[in-house]
Amino acid sequence: MLALDNVAELENARILSRAFFARDPRKVARELLGKLLVRRDGETEVLAGRIVETEVYLGRDDPAAHAAAGRTARNSVLFGPPGHAYVYFIYGNHYCLNVSCMPAGEAGSVLFRALEPIFGAQQMARNRGLNPSPPGKWTRPLTIGPGRLCQALAITRSRDNGKDLVSPASDLIIMRDGFRVPRITATPRIGITKAADRLLRFVIPGNPFVSGKK
DNA sequence: ATATCGATTATCT
DNA sequence: GATAATCGATATG
């Protein structure tokens, strides 16, 4: 499988099934915690991060979701088959990555909010325009937050929107490696104004790469 | 330490 | 024309 074979961190990892995503995104968001988001660039470069923070966006019954008003040119991936990338541009500056859930025809997705770098942190820093040299805490700002993690993995709408995230041929895939999350906490979603009270954000509590205070 | 604010553009009303 | 699933810089206690 191209360059993945050479990465020790991924030698036991397998791509998730399409069926994993053909379900209620509330279930998918919880179970995505501890999985791996893997970016492949060319023949040699591999970037990988463990998913430590997710958010759920539903369909018509969720006013905060892009799918709330129905299908448009921008959000059409959300209504397509499960396991595909929905990438959108926000605040004139940032990209955010979702994976489509539910069977084709029904909207619903999970937003990737934070990763723990597992492989390729040096290149992630370069993608972010940061100086990779100072040792110690330099990995923290790489992948905390939906905009930052997209920049770290070089995810853009033109390159990745609509991409199949469970195809071995894709350069952006989601994998499992047997890692078990100790615990899951649900909180309100970040940065929204509508339906702000619903507990649709999921984190691995205590993980240092979860966004938020301390 | 927390709070506020400006950047910058695709998308929708 | 207003808004937005954000980030990073600056101001303030």
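Lettering of chains follows the sequences in order, A, B, ..., and the numbering in each one begins at 1.
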- Message: Need the pair for dT8(B). Rule: Watson-Crick or G-U wobble, both distances under 3.5 Å, any strand; none if unpaired.
- Response: none

- Message: In whole Å, I'd like the distance from the CD1 atom of Ile90(A) to the C1' atom of dA7(B).
- Response: 13 Å

- Task: Please report, rounded to the nearest Å, how far the P atom of dT9(B) is from the NE2 atom of His94(A).
- Result: 12 Å

- Note on the structure: Arg71(A) atom CZ is separated from dC12(B) atom C1', nearest whole Å, by 17 Å

- To the nearest Å, give me how far apart CG (Asn75(A)) and C1' (dA10(B)) are. 13 Å

- If you pin Asn93(A) and Arg157(A) to their nearest nucleotides in DNA chain B, which one's is more 5'? Asn93(A)

- For Phe89(A) and for Pro146(A), locate the closest nucleotide of DNA chain C by heavy-atom distance; then report the residue assigned to the nucleotide nearer the 5' terminus. Phe89(A)

- In the structure shown, which nucleotide is the Watson-Crick or G-U wobble counterpart of dA5(C), with both distances under 3.5 Å? none

- Task: For the pair Arg157(A) (side chain) and Val87(A) (backbone), establish whether a donor and an acceptor sit closer than 3.5 Å, ignoring hydrogens and angles.
- Result: yes

- Are any of the side-chain nitrogens in Asp24(A) or Lys27(A) under 4.0 Å away from the carboxylate oxygens of its partner? no

- Message: Checking contacts here: which listed nucleotide (dA5(C), dC12(B), dG8(C)) is nearest the side-chain heavy atoms of Ile192(A)?
- Response: dA5(C)

- Message: Without decimals, in angstroms, what is the distance between Tyr95(A) OH and dT8(B) C1'?
- Response: 12 Å

- Query: Reckon Thr72(A) has a side-chain N or O less than 4.0 Å from the OP1 or OP2 of dT11(B)?
  - Reply: no

- Note on the structure: Looking only at dC7(C), dC12(B), dA7(B), the nucleotide nearest the Arg74(A) side chain is dC12(B)

- Task: Let me know the distance between CG of Leu78(A) and P of dA5(C), rounded to the nearest Å.
- Result: 13 Å

- Task: Would you mind classifying the nucleic acid contact of Tyr91(A) as base, sugar-phosphate or nothing, using non-hydrogen atoms under 4.0 angstrom?
- Result: base

- Query: Arg128(A) side chain to Pro141(A) main-chain N or O, any donor-acceptor pair under 3.5 Å?
  - Reply: yes

- Among dT6(C), dG8(C), dA5(C), the one nearest any side-chain atom of Arg148(A) is dG8(C)

- Item | Rounded distance in Å - CD1 (Ile144(A)) to P (dG8(C)) | 11 Å

- Under the 3.5 angstrom rule, does the side chain of Asn98(A) hit a backbone N or O of Ser109(A) as a donor-acceptor pair? no

- Message: If I take atom CZ in residue Arg198(A) and atom P in nucleotide dA5(C), what distance separates them, rounded to the nearest angstrom?
- Response: 15 Å

- Query: Parallel, tilted or perpendicular for Phe89(A) and Tyr95(A), by the 30°/60° rule?
  - Reply: tilted

- Message: Of the options dG8(C), dA10(B), dA5(C), whose atoms approach the side-chain atoms of Arg128(A) most closely?
- Response: dG8(C)

